[in-house]
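I have placed the structure first, in the form of structure tokens, so that the comments after it can refer back to it.
So that the names make sense, note that chain A is the first sequence line, chain B the second, and so on, each numbered from 1. What's counted below: heavy atoms across the whole structure, side chains too, no hydrogens, waters or symmetry copies. Since the structure is predicted, the reported quantities are computational estimates derived from the model, not experimental observations.
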Amino acid sequence: MEKMMTLNPEQMKAVMHDRGPLLILAGAGSGKTRVLTQRIARLIRELDVSPYQILAITFTNKAAKEMKERVQKAVGEGSEYIQVSTFHSTCVRILRRFCEYIGYERSFTIYDSDDQKTLVKNILKQMNIDSKQFKEKAIMARISKAKDELIDPDRFEAEAADYYDKKIASIYREYQKQLKTCNAFDFDDLICKTVELFRTTPDVLRYYRNRFCYIMVDEYQDTNTAQFELIRLLAEHENEDGEIEKNLCVVGDDDQSIYKFRGANIRNILNFEKYYPETKVIKLEQNYRSTPDILNVANAVIHNNTERKDKKLWTANEKGSAVHYSMYGDETGEADGVSLKIREIMERTGAEYRDFAVLYRTNAQSLSFEKSMRFHNLKAKTIGAVSFFERREIKDVIAYLKTIDNAKDDIATRRVLNVPRRGIGPTTVDKVAAYAAQNELSFYEGLARIEYIPGAERAREKAKSFIALVESMRYEQNNNKLSIKSLIKLVIEETNYMDYLRDDDPETADDRIQNIEALVSYAARYEAEEDEASLTGFLEYCGLNAEEAASEDEEDDGNFISLMTLHNAKGLEFPYVFLVGMEDGLFPSSLSINAEDPISEIEEERRLCYVGITRAMKELFLSSARMRRMYGEQQFNTPSRFLKEIPRYLLDMSTPFNNNYRRQNYMDSEIKDKKPTPAYTKANGDDGYKRHDGGDLSAEPYALNYSKMFTKTGGQTTLSYAEGDTVSHIKFGKGKVISIVKGGKDYEVTVEFPDFGTKKMLSAFANLKKVD
DNA sequence: CGTAGTTTTGTTTTT
DNA sequence: CAAAACTACG
């Protein structure tokens with residue numbers, strides 16, 4: 001990209017802009033990062049701005065890293081003081097410092113989507129909500145969307161129109177409550193809780209407004225409402241003359257907005273000038289990446305979108321080869337066609353693996369390419385399917401670390417409690433959770449008090465030894481200042497985790513062990529890089545760097561063919577790009593075609609297509625398959641409507657149709673694997689007779705219910721205290737019994753504590769002791 | 001409590 | 001066709 005040594009006039013204008021809001025509409029490959037870094041360099045060198053006062057925000061760690069490197073090159077000395085970070089890590093920094101103002105502890109942990117899901121699941125169970133009717137995924141989506149739009153539970157409830165929404169509102173409320181009990185933020189919280197902090201604590205806001213005088217936001221088209229608000233609040237700086245300056249520079253391309261489904265609000269960029277009337281707008285339309293034909297194709301496609309700012313990419317680059325299109329018989333033929341083409345180009349031009357990318361709509365499509373590339377001896381790597389930190393074994397180890405670091409992190413504790421198996425099952429977990437909730441303890445604290453929990457006798461010793469294990473590791477950590485690397489090793493050893501992996505699934509054990517080793521070296525690297533390495537810091541680092549980390553070992557010289565989704569390809573470029581699976585129903589996806597608002601959803605797919613096309617520098621290959629297996633059955637798709645938007649004369653369709661490409665023997669496994677169709681053994685649903693023959697119903701309780709639990713301990717009939725007595729509680733200390741009301745299964749006791757206020761609790765859980 | 005067998009479900013996802 | 005999520009049994 002550094003082929004242009006000088007800036008073009010528009011780029012120059014952007015670099016020379018000094019004060020006030022600036023909107024840079026930067027088309028794909030128009031050199032925006034260069035403009036951004038040059039502008040930062042100029043601010044420092046010519047306008048005497050302190051590096052410390054500059055904040056540059058990106059979406060991904062990768063982008064932040066790249067920008068840091070380039071800023072370092074452009075600025076040199078002092079560049080390390082410029083804060084270049086993602087939205088999320090910017091917010092984490094702020095929250096680490098000031099979250100106490102909004103009632104969190106500074107050692108908070110961050111919940112990823114997996115943790116969120118577990119939490120929602122637990123809540124559904126607790127609140128006795130039918131998870132058939134209220135799907136976790138749907139609930140999470142609603143909560144996340146609400147947070148993206150800065151809607152808190154109160155407002156959500158107020159705006160809830162029907163029963164369903166009201167229910168969601170109550171789940172949302174409980175969800176937030178429990179996050180707080182766990183002293184945790186989810187990803188969305190990081191942004192909107194920072195906004196909350198700014199809104200409620202003017203001093204903190206003032207501090208940051210004065211600290212960051214110049215703010216730059218990259219990929220601005222992908223910001224959501226919460227992020228917009230965050231930036232809006234921040235970007236108001238009072239200069240020496242007491243004037244308000246809004247030195248906000250945003251860079252984006254509305255045509256590349258592909259995260260609407262994740263809450264990105266396209267109006268943020270389309271209406272930027274309305275929010276900031278004094279905005280200067282600069283369009284960067286000269287492309288330095290692709291050949292004219294590739295751009296013509298891109299322009300032709302995106303031209304069909306209605307909601308966009310008018311612009312047209314052009315280039316002074318040399319005319320290259322035409323854009324190719326091929327139709328194949330099925331996904332196997334397509335994959336082989338791509339493989340062969342790559343081989344041919346490599347032989348013809350001397351191109352390397354790293355010069356190629358295969359881009360597809362869904363991760364599921366990667367499989368046929370992986371197989372084909374392996375067969376044809378091409379080195380390829382699938383990018384981003386399952387991230388390193390989402391692997392089970394990694395999550396387990398991390399959860400141990402989280403438990404050691406933050407005893408309030410219930411999700412982590414519950415995750416590892418029975419991994420490896422300790423004989424503590426769901427029944428015990430439920431009881432402990434109920435007990436903990438009743439007494440406002442964390443799950444871990446509840447577990448530590450298991451001897452007070454009626455009905456959990458069976459798991460008592462096991463739980464105690466779990467607590468002892470965690471405590472001993474925590475002790476090692478705190479007192480012997482164990483390095484994180486050693487701590488991870490300690491966890492592995494003490495829990496016999498490797499053995500667990502081996503007999504859990506010998507097939508995958510080796511891979512998993514390798515992953516854990518990768519985590520150990522990842523920790524070592526973190527400790528080497530970070531001056532103030534800490535367990536909390538490491539966990540945060542892991543949480544915010546979801547991708548990465550995995551590679552490093554083996555012969556990873558970075559030279560491989562990239563297989564990835566279109567979303568993952570944003571911001572990248574490759575000399576040769578294969579845009580595969582161009583079929584209606586796949587791309588654009590059938591979900592967008594059949595959506596409530598198909599026009600806008602298909603426009604988003606079209607932008608995705610535009611992103612894909614504009615990744616290509618030299619040659620672009622489009623392809624589709626006539627038939628493809630999806631969800632286990634054959635589907636016949638017509639070529640994508642996006643293909644029809646490309647003028648015929650721009651497409652080279654001379655590539656022979658590859659309909660009956662021979663099935664290779666590597667596919668044999670698939671052919672011979674035709675399992676007999678499962679017999680229709682629809683269990684003779686009627687279990688009636690079974691019960692009668694020999695089964696003694698009364699012998700074994702088929703479900704442990706609460707009344708059983710209580711009668712076992714005899715709590716129902718005898719209370720050792722009465723109204724007016726002074727009692728003592730594990731957490732709240734001494735208090736006075738206000739009232740005792742007999743409930744169905746138990747007594748509801750109201751106690752007034754001097755330090756904690758009045759609490760209502762169930763006698764069986766509260767474990768109150770009379771004091772004289 | 002743990003497991004094996006069954007049923008359900010199915011985009012994209014920077015953090 | 002797979003993976004994940006349930007369910008029912010030992």
What is the separation between atom CD1 on A:I424 and atom P on B:dG2, rounded to the nearest whole Å?
9 Å
Taking NZ from A:K65 and C1' from B:dT14, how many angstroms apart are they, rounded to a whole number?
15 Å
Stem regions touching DNA chain B, defined by at least 3 consecutive Watson-Crick or wobble G-U pairs below 3.5 angstrom:
B:1-10 with C:1-10
Select one nucleotide: of B:dG2, B:dT15, C:dC6, the one nearest the side-chain heavy atoms of A:N418.
B:dG2
Has A:I599 got more than 12 heavy atoms of other residues, nucleotides or ligands less than 6.0 Å from its CD1?
no
Which value, in whole Å, describes the distance between the P atoms of nucleotides C:dA4 and B:dT13?
16 Å
Does A:R626 count as lying over the ring of A:F636, i.e. NZ or CZ under 6.0 Å from the six-ring centre, within 45 degrees of the axis?
no
Output yes when A:R392 and A:D504 qualify as a salt bridge under the 4.0 Å nitrogen-oxygen rule, no when they do not.
yes
At less than 4.0 Å, is any side-chain N or O atom of A:R421 found next to OP1 or OP2 of B:dT3? Yes or no.
yes
Tabulate atom names and distances for all N/O pairs under 3.5 angstrom spanning the protein and nucleotides 10-12 of chain B.
unit_1 : atom_1 : unit_2 : atom_2 : d
B:dT12 : OP1    : A:N363 : N      : 3.3
B:dT12 : O4'    : A:R361 : NH2    : 2.9
B:dT12 : N1     : A:R361 : NH2    : 3.2
B:dT12 : O2     : A:R361 : NH2    : 2.2

Please report the C-alpha distance between A:Y220 and A:F59 in whole Å, then the side-chain angles of each, then the deciding distance to 0.1 Å, and finally whether the ring-ring contact (aromatic ring centres under 6.0 Å, His included) criterion is met.
CA-CA 9 Å; A:Y220 187 70; A:F59 274 82; 9.0 Å; no
Tell me the interatomic distance from A:M564, atom CE, to B:dT13, atom C1', rounded to whole angstroms.
15 Å
What is the distance, rounded to the nearest whole Å, between atom CG of A:N224 and atom C1' of B:dT13?
13 Å
Rounded interatomic separation in angstrom, taking CZ from A:F388 and C1' from B:dT15
17 Å
Ring centroid separation A:Y541 to A:F538 under 6.0 Å
no
Gap between atoms CD1 and P, on A:I191 and B:dT14 respectively (whole Å)
15 Å
Would A:R607 and A:D255 count as a salt bridge (charged side-chain N to carboxylate O under 4.0 Å, His left out) if you check the C-alpha gap in whole Å, the side-chain angles of each, and the deciding distance to 0.1 Å?
CA-CA 6 Å; A:R607 290 192 291 270; A:D255 289 336; over 6 Å; no
Would you classify A:K117 as touching base, sugar-phosphate or nothing, given that sugar-phosphate means primed atoms plus P, OP1 and OP2, and contacts are heavy atoms under 4.0 Å?
sugar-phosphate
Parallel, tilted or perpendicular: which fits the ring planes of A:Y259 and A:H567, with parallel below 30° and perpendicular above 60°?
tilted
Which class fits the ring pair A:F185 and A:F108: parallel under 30°, tilted 30 to 60°, perpendicular over 60°?
perpendicular
Inter-nucleotide P distance (C:dA5, B:dT12), Å rounded:
15 Å
Just how far, in rounded Å, is P of B:dT15 from CD of A:E390?
11 Å
Would you say A:K135 reaches C:dA4's phosphate, i.e. side-chain N/O to OP1/OP2 under 4.0 Å?
no
May I have the distance from A:E633 (atom CD) to B:dT9 (atom P), rounded to whole angstrom?
16 Å
Salt bridge or not between A:D188 and A:K193? Use side-chain N to carboxylate O under 4.0 Å.
no
Does A:G423 or A:F59 map to a spot on DNA chain B nearer the 5' end, using the closest nucleotide for each?
A:G423
Check side chain to side chain donor-acceptor pair (under 3.5 Å) between A:T109 and all other residues, then give those that pass, not counting sequence neighbours.
A:N406, A:D409
Just call it for A:S89: base, sugar-phosphate, or nothing, with non-hydrogen atoms closer than 4.0 Å on any strand.
nothing
On the nucleotide B:dC1, are OP1 or OP2 found under 4.0 Å from the side-chain N or O atoms that A:T427 carries?
yes
